[in-house]
Amino acid sequence: MSELVRDGSGGARGEAGGDPGNDSGSGPGIHSGGAHTSLGGGRRGAVDPVKALMHRHRELCERAVDPLEIAAGLEAHGVTDRTAARFRHRDVFSLAEEMYARVARDSEPAPRPAAPEHSGVRADWAVLSLLPGALCAATVAGLRLTEGQPRLAVAAGGTLAVTLGLRAALRRGPLSTTHRTTRGTLAWTCWLIAYALLGDGLLSVGIEGGPDGPWPPATAPVLALALACAPAVWCAHLFTAGARRKLTVSRGLEEFAVSVRPLLLGVFALFLCALGALLALCREAPSEPGAYNGPGAGALGALLLLARLLTTRGFTHAPAVVLGVAGAAEVTALTTVFAARLPGCSFVATPVETVADAWGPGAVPALVCGAAALVLLIHATRTLTRASAHATPGGTP
């Protein structure tokens with residue numbers, strides 16, 4: 001995206017307010033249809049606000065392969081439909097059409113880059129999306145068939161295999177990204193998954209005065225999360241393809257945002273339905289006797305999907321912050337339970353014990369991850385409905 005919206009002078013300063021010298025309506029030859037005509041002898045007038053805008057976004061205009069790319073880049077720099085009216089255009093799309101037409105007359109059009117790999121259904125990412133669930137299912141089966149040292153070896157090998165499988169699934173397809181994920185984001189994501197596996201059991205035995213020995217992991221919810229990688233990839237594909245189709249038929253930024261918002265919410269609901277079905281299926285399957293926390297795993301799955309959707313489109317800050325806050329909240333919950341055993345500190349565990357007594361230990365991650373997912377969903381409805389959020393790395397929206 002950063003390659004898309006770079007301009008010659010490094011910003012969109014001036015667009016929002018327009019050029020004071022050009023806002024009087026005296027700019028020659030610019031009208032609402034987007035065509036440019038000249039005054040007298042085929043020469044452009046001295047005042048040409050669109051030309052000034054093209055100069056500020058010179059590299060964007062030269063690299064654009066269609067008007068949609070220019071529109072997405074302008075929006076990323078803060079140009080709105082109201083700003084476009086200052087340039088005598090009804091919306092940003094109309095303004096982008098004129099800019100593209102004028103660049104096309106002055107230079108050779110840039111060759112259209114190859115379509116991104118996730119523009120259509122491909123066998124590679126479709127198969128890779130099944131890999132984490134298959135490896136996790138094999139690991140869970142191995143844990144039930146082994147005891148002692150072999151069991152530890154299966155657990156370690158299975159964890160490594162699932163991690164590598166998940167990495168392979170996220171390196172291709174709709175959930176792949178060129179934006180760097182911070183180590184903090186990765187660490188908190190691993191912690192949240194580890195808590196889904198072991199946290200509820202540890203919290204339960206901690207409240208009861210333990211642990212006096214090993215406690216069983218909750219493999220069923222984690223297995224459902226691993227299997228949910230496939231529907232997550234397909235839902236991301238549906239959202240990406242649908243957003244690009246709407247981008248080609250929209251005539252304004254607000255119109256595009258209004259049309260994409262129901263698509264985002266519908267895809268998110270579809271993923272929740274698929275995840276709920278997988279959680280119900282894994283609950284009925286033979287598994288370890290650990291605590292089963294369907295709501296907590298469902299909230300975690302929703303949180304991870306939204307964080308990944310935002311990350312793939314370059315919005316990395318909000319997911320990093322929200323994942324960090326959610327992880328820190330779970331760490332705090334566990335810490336207060338064990339800190340309450342210190343003399344005079346029994347009160348610090350009161351909030352967690354109250355929640356656990358009322359709804360069970362699984363209510364803690366369900367509330368934490370559910371609140372975090374709600375925050376990211378609100379953020380996503382504002383950011384993923386922008387035209388600039390759907391520009392490909394190659395530059396084509």
**Q** Taking all non-hydrogen atoms of both residues into account, name the closest pair between L279 and A224 and its distance.
**A** CD2-CB, 3.4 Å
**Q** How far does CG of L202 sit from CG of L197, to the nearest 0.5 angstrom?
**A** 11.5 Å
**Q** Report whether L270 and F268 are members of the same hydrophobic cluster (ILVMFWY, side-chain heavy atoms less than 4.5 Å apart, transitive linking).
**A** yes
**Q** Hydrophobic clusters here meaning ILVMFWY residues chained together by side-chain heavy-atom distances under 4.5 Å, can you tell me if I207 and W359 are in one?
**A** yes
**Q** Are R172 and V127 close enough that some pair of their side-chain heavy atoms sits under 4.5 Å apart?
**A** no
**Q** So T240 and R313, side chain to side chain contact (heavy atoms under 4.5 Å, CB included) or not? Walk me through it.
**A** CA-CA 10 Å; T240 301; R313 286 155 179 82; 2.7 Å; yes
**Q** In Å, rounded to the nearest 0.5 Å, how long is the span from OG1 of T181 to CG of L323?
**A** 10.0 Å
**Q** One pair to check against side chain to side chain contact (heavy atoms under 4.5 Å, CB included): L128 and L131. What are the steps and the verdict?
**A** CA-CA 5 Å; L128 286 175; L131 191 58; 4.3 Å; yes
**Q** May I ask you to test the L303-L376 pair for a side-chain heavy-atom distance under 4.5 Å?
**A** yes
**Q** Just wondering, do H179 and T312 contact through their side chains at under 4.5 Å, heavy atoms?
**A** no
**Q** Using a 4.5 Å cut-off on heavy atoms from C-beta on, say whether the side chain of T316 contacts that of T182.
**A** no
**Q** One pair to check against side chain to side chain contact (heavy atoms under 4.5 Å, CB included): W188 and V322. What are the steps and the verdict?
**A** CA-CA 10 Å; W188 285 120; V322 172; over 6 Å; no
**Q** To the nearest 0.5 Å, what is the distance between CG on L275 and SG on C229?
**A** 12.0 Å
**Q** For the residue pair C235 and V267, what are the closest heavy atoms and their distance?
**A** O-CG1, 3.1 Å
**Q** Evaluate the side-chain proximity of P351 to T336: yes if any heavy-atom separation is below 4.5 Å, no if none is.
**A** no
**Q** Restricting to non-hydrogen atoms, name the atom on L384 and the atom on V260 that form the minimum distance, rounded to 0.1 Å.
**A** O-CG1, 3.8 Å
**Q** Give the minimum heavy-atom separation between G209 and R341, together with the two atoms involved.
**A** C-NH2, 3.2 Å
**Q** With sequence neighbours excluded, tell me which residues meet side-chain contact (heavy atoms from CB on, under 4.5 Å) with L170.
**A** L166, L175, R308
**Q** May I ask you to list the residues sharing a hydrophobic cluster with L374, side-chain cutoff 4.5 Å, ordered by chain and number?
**A** I378
**Q** Could you tell me whether the side chain of S129 and the main chain of A126 form a donor-acceptor pair under 3.5 Å?
**A** yes
**Q** Hydrophobic cluster membership, with links at side-chain heavy-atom distances under 4.5 Å among I/L/V/M/F/W/Y: are L203 and V331 in one?
**A** yes
**Q** Could you see if W125 belongs to whatever hydrophobic cluster contains L135? Use Ile, Leu, Val, Met, Phe, Trp, Tyr and a side-chain cutoff under 4.5 Å.
**A** no
**Q** Evaluate the criterion side chain to side chain contact (heavy atoms under 4.5 Å, CB included) for residue pair F239 and L263; output intermediate values, then yes/no.
**A** CA-CA 7 Å; F239 176 64; L263 174 65; 3.9 Å; yes
**Q** Below 30° counts as parallel, above 60° as perpendicular, anything between as tilted: where do the rings of F315 and H379 land?
**A** perpendicular
**Q** What heavy-atom pair brings L309 and A236 nearest, and what distance separates the two atoms?
**A** CD2-CB, 3.9 Å
**Q** Taking the side chain as C-beta and beyond, is there a heavy-atom pair between L334 and Y195 under 4.5 Å?
**A** yes
**Q** Which heavy atom in L130 sits nearest to a heavy atom in A230, and how many Å separate them?
**A** CD2-CB, 3.7 Å
**Q** With a 3.5 Å distance limit and no angle check, can you tell me whether W215 reaches the backbone of G201 through a side-chain donor-acceptor pair?
**A** no
**Q** Rounded to the nearest 0.5 Å, what separation is found between the CG atom of L265 and the OG1 atom of T381?
**A** 7.0 Å
**Q** Kindly indicate whether the side chain of I193, heavy atoms from C-beta on, has any atom under 4.5 Å from the side chain of L225.
**A** no
**Q** If you measure from CG on L238 to CZ on F271, what distance do you get to the nearest 0.5 Å?
**A** 13.0 Å
**Q** Would you compute the distance between atom CG of L305 and atom CG of L310 and round it to the nearest 0.5 angstrom?
**A** 9.5 Å
**Q** Would you say that V364 contacts D200 through its side chain, given a criterion of any heavy-atom pair below 4.5 Å between the two side chains?
**A** no
**Q** Check the hydrophobic clustering (I, L, V, M, F, W, Y; side-chain heavy atoms under 4.5 Å; chains of links allowed) and say if V368 and V321 are grouped together.
**A** no
